[in-house]
Protein chains: 2
Amino acid sequence: MEKENTSFGVKEIARRANVSTATVDRVLHNRTGVSEKTKQRINDIIKELDYQPNILASRLASRKIITIAILLPNVSEETDFWEAPLLGIRRAEAEIRQYGVQVISYFFDLNSKESFTENVRLILQGDVHGILLSPSFIEETKQFAAECNERKIPFIFIDSDIPDLHSLSYIGPHLFKSGYVGAKLLTYRLQSNTKVLIINISKEVDNFNYLRIEEGFRSYFSDKNQPNEIVRIDIRETDYQSVARHLTYVFHLNKDIGAAFVTNSRVHTVASFLKNSHRTHVSLIGYDFVKENVGYLESDVIDFLICHRPEEQGYRGVMAFYQTLVTNAPVTRLSYMPIDIVTKENYEFYQN
Amino acid sequence: MEKENTSFGVKEIARRANVSTATVDRVLHNRTGVSEKTKQRINDIIKELDYQPNILASRLASRKIITIAILLPNVSEETDFWEAPLLGIRRAEAEIRQYGVQVISYFFDLNSKESFTENVRLILQGDVHGILLSPSFIEETKQFAAECNERKIPFIFIDSDIPDLHSLSYIGPHLFKSGYVGAKLLTYRLQSNTKVLIINISKEVDNFNYLRIEEGFRSYFSDKNQPNEIVRIDIRETDYQSVARHLTYVFHLNKDIGAAFVTNSRVHTVASFLKNSHRTHVSLIGYDFVKENVGYLESDVIDFLICHRPEEQGYRGVMAFYQTLVTNAPVTRLSYMPIDIVTKENYEFYQN
DNA sequence: GCAATTTACGGGCACGTGCCCGTAAAGGTA
DNA sequence: TACCTTTACGGGCACGTGCCCGTAAATTGC
């Protein structure tokens with residue numbers, strides 16, 4: 001029951017190379033002060049033994065603390081969606097705090113690009129080893145990425161992606177496919193003579209996320225030659241009154257709407273409207289496992305919720321940094337989350 | 001960027017109590033050799049400082065290696081379902097090997113209770129610190145549990161549960177609810193004038209798992225007053241010929257079957273039959289993300305697969321032992337897995 | 001040629017905990 | 001009192017790696 005196969009350590013390498021452990025250490029961390037010849041010799045032995053550093057000892061001996069910054073939208077009363085990733089981040093932090101990893105959190109206002117850039121500035125003025133963020137604003141994120149690349153600070157996007165900025169990883173949904181799944185569920189029992197309504201409720205104008213989802217949604221309809229007409233509406237105010245007003249109008253114009261698809265977590269507002277206006281026969285599908293939505297799932301107003309495990313996203317984001325910064329393991333560039341389908345019957349076991 | 005808040009360690013406790021670190025250590029591991037008085041004093045300080053041992057240092061210093069045994073059905077050509085938990089177990093092992101944890105694997109034959117008890121004997125004759133197993137045979141598992149409880153070896157069940165045996169944890173699906181979800185999906189676009197077929201294909205006679213699933217399935221029908229008649233069939237041979245013969249008979253007797261529900265991963269055999277006999281209009285739902293099933297999902301023969309993340313089950317099983325044996329963290333007694341819904345549209349992102 | 005500088009390397013302590021071994025003090029027995 | 005056993009504790013090495021500091025050897029400058 002004793003440890004025996006504890007493989008080879010720095011000592012063994014040093015012994016074989018006839019040098020001290022300090023020299024081996026210099027090679028391992030490619031610091032200066034080793035002649036080309038011995039360096040070569042040591043590297044050969046390292047390869048031969050397939051040396052794996054003992055993380056336990058390494059982290060214990062090291063006085064350095066690794067700092068990861070996160071930058072997410074704050075949890076407003078408007079939506080508590082971002083609470084989930086935060087929980088995952090906290091969970092990851094608790095697990096690896098012992099290993100000398102520290103997470104510092106910054107939050108910005110989804111209605112203010114300035115607050116985003118300001119927080120970016122704050123993060124970059126401290127010295128952090130990695131940044132996990134939601135790239136909510138495209139132009140601002142591009143600038144951020146340029147700065148990080150120059151300063152060689154790795155960053156990871158969660159929840160939505162902006163390609164070609166050389167992020168270390170993207171962790172989040174494949175939005176197009178997610179919309180595609182939404183369409184499948186919506187049409188599964190849809191009558192062919194009814195119309196389908198796509199609803200986008202959002203203050204931001206350049207929400208290219210929603211566009212991807214809608215593309216996927218429409219793409220299913222054309223792939224399957226679904227005969228249903230698709231109506232769409234953009235609502236730029238998020239309060240119930242405004243949404244109700246717009247919806248009343250749409251439903252007035254289109255008497256035969258059989259199903260509605262909401263491109264984000266505000267589906268509960270629509271559910272509320274449908275319930276109040278006695279239109280619960282309309283199939284309703286939307287996004288995210290937030291409290292209000294689950295309530296309407298429970299009461300059969302929402303048929304399905306699509307989720308992308310936001311908590312897991314946060315957890316994985318931090319863990320990906322741990323992997324790359326501490327254990328030096330490679331990180332997958334694209335880590336698409338599962339597209340989960342949540343119903344009244346299975347929601348109680350769902351893990352966000 | 002230096003470590004600073006590294007809280008208090010054994011040294012600080014020793015200093016405050018005017019004893020050596022060895023004495024503190026004795027108290028921490030409640031070994032003998034400490035007078036009641038100093039023990040009390042030290043314990044008070046430990047509480048006061050809310051001392052958390054440094055796992056890194058602890059694992060590094062300890063020469064003990066923790067051994068976890070797993071006992072699962074072997075991966076036969078008949079079903080590769082158990083490959084998934086095994087993958088999860090391997091993943092967990094790789095993560096915590098560095099921390100002095102070792103996993104040794106045992107496999108039994110699902111068609112032989114003797115192979116189960118024989119492997120139990122083998123496991124118990126070595127000295128292991130925890131056992132992760134699938135309790136496939138009820139009586140044999142009860143005996144096993146009694147032995148473990150006597151010898152104070154913790155064990156965890158995955159995939160299916162036998163209550164009241166004082167397992168440390170159960171990690172797996174809520175089978176009743178899982179059947180319930182199956183019924184919801186099946187009826188979502190079912191015509192009321194068709195019959196529904198429940199198919200159970202399994203060699204084992206006492207498969208109480210399947211009974212739970214069926215209960216849940218039927219329970220949905222009665223809860224919702226679904227008018228459809230339910231037909232059921234038990235098939236004790238698993239080869240295609242036998243299954244096809246039985247199904248031909250059933251479909252002959254019941255001309256108006258609109259949907260079929262298979263209670264386990266052998267749904268691909270049924271799919272094959274439906275395809276060959278040109279009955280693909282029948283909705284088909286079954287279990288598990290195994291290769292053959294995904295193939296039929298892809299070709300629209302299977303409508304939905306229900307999955308319980310078997311890989312995750314294996315991973316969590318091992319990690320639960322790590323938590324309880326290494327970090328002393330509490331483990332939840334019941335850890336129900338999500339009931340995942342997999343379709344042609346989202347399967348490529350599914351994580352088993 | 002010699003001093004000054006640079007290069008290449010070794011010694012050894014530290015991280016926080018586990019645990020072996022040694023020993024003074026206390027208690028027991030004749 | 002002398003001797004033995006038990007109790008209660010301290011000293012100190014080890015785990016494998018990080019890294020500071022010291023120094024002999026090699027190189028450079030004049």
Side-chain angles (χ1 to χ4, degrees), chain A residues 1-43 46 49 51-66 97-101 325-328, chain B residues 1-43 46 49 51-66 97-101 325-328:
Chain A
M1 199 62 62
E2 299 291 290
K3 273 183 196 169
E4 66 307 304
N5 69 334
T6 173
S7 60
F8 303 110
V10 182
K11 265 191 213 154
E12 177 63 18
I13 299 174
R15 202 186 56 78
R16 296 200 186 196
N18 278 320
V19 293
S20 76
T21 61
T23 303
V24 176
D25 192 73
R26 274 182 271 262
V27 174
L28 282 171
H29 299 85
N30 36 299
R31 275 187 244 110
T32 59
V34 187
S35 70
E36 239 357 278
K37 213 171 48 180
T38 38
K39 189 170 176 177
Q40 185 59 47
R41 187 154 38 101
I42 290 172
N43 269 326
I46 288 175
L49 295 185
Y51 168 71
Q52 309 281 64
N54 183 318
I55 306 175
L56 253 57
S58 167
R59 287 278 83 206
L60 180 62
S62 169
R63 324 294 303 272
K64 292 239 177 59
I65 209 164
I66 289 176
R97 194 189 344 246
Q98 295 246 13
Y99 309 147
V101 180
L325 296 172
V326 178
T327 74
N328 253 314
Chain B
M1 199 61 65
E2 301 288 294
K3 274 182 198 172
E4 65 308 304
N5 68 336
T6 172
S7 60
F8 303 108
V10 182
K11 266 192 211 150
E12 177 63 16
I13 299 174
R15 202 186 56 77
R16 297 202 186 195
N18 276 320
V19 293
S20 74
T21 59
T23 302
V24 175
D25 192 74
R26 274 182 271 263
V27 173
L28 281 170
H29 299 84
N30 34 299
R31 276 189 242 110
T32 59
V34 187
S35 71
E36 247 346 287
K37 214 172 48 183
T38 36
K39 190 170 175 176
Q40 185 60 48
R41 186 154 38 101
I42 291 172
N43 269 325
I46 288 175
L49 294 184
Y51 167 71
Q52 308 280 64
N54 183 319
I55 305 175
L56 253 58
S58 167
R59 287 277 83 205
L60 181 63
S62 168
R63 325 295 299 273
K64 292 236 178 60
I65 210 165
I66 289 176
R97 197 191 340 249
Q98 295 245 13
Y99 308 148
V101 179
L325 295 173
V326 178
T327 74
N328 254 315

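Note that these values count all heavy atoms, side chains included, but never hydrogens, waters or copies made by symmetry. Below, chains carry the letters A, B, ... as their sequence lines are ordered, and counting in each starts from 1.
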[X]: side chain to side chain contact (heavy atoms under 4.5 Å, CB included) partners, not counting sequence neighbours:
X      : result
B/Q52  : B/D50
B/S20  : B/A22, B/T23
B/T327 : B/I55, B/Y322, B/Q323, B/A329
A/A57  : A/N54, B/L60

Item to check | Contact state string [nucleotides 20-25 of chain C, B base, S sugar-phosphate only, - no protein heavy atom under 4.0 Å] | outcome: ------
Item to check | Integer-rounded Å distance: C/dG18 P and B/I55 CD1 | outcome: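 Going from CD1 in B/I55 over to P in C/dG18 covers 11 Å.
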Next on the checklist: Can you measure A/L60 atom CG to D/dG18 atom P for me and round it to whole angstrom units?
Outcome noted: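 Distance, rounded to whole Å: 11 Å.
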Item to check | Residue pairs fulfilling salt bridge (Lys or Arg N to Asp or Glu O under 4.0 Å) with at least one residue in residues 20-31 of chain B, sequence neighbours excluded | outcome: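 As it turns out, the salt bridge (Lys or Arg N to Asp or Glu O under 4.0 Å) pairs with a partner in residues 20-31 of chain B, which skip direct neighbours, are B/D25-B/R31.
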Please enumerate all residues that pass side chain to side chain donor-acceptor pair (under 3.5 Å) together with [X], with sequence neighbours excluded.
X     : answer
B/R41 : none
A/S58 : none
A/T21 : none

Item to check | For DNA chain D, the residues among residues 10-20 of chain A that have a non-hydrogen atom under 4.0 Å from it | outcome: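 Residues of residues 10-20 of chain A that come under 4.0 Å of DNA chain D are, in numerical order, A/V10, A/K11.
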Next on the checklist: Closest approach to the side chain of A/S58, judged atom by atom: which nucleotide of D/dT17, C/dT17, D/dG10 is it?
Outcome noted: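 Between D/dT17, C/dT17, D/dG10, the one nearest the side chain of A/S58 would be D/dT17.
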Checklist entry - Once you build an axis from the first five pairs and another from the last five of the helix from C/dG1-D/dC30 to C/dA30-D/dT1, how far apart in angle are they, to 10 degrees? => result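 It comes to 50° between the two terminal axes.
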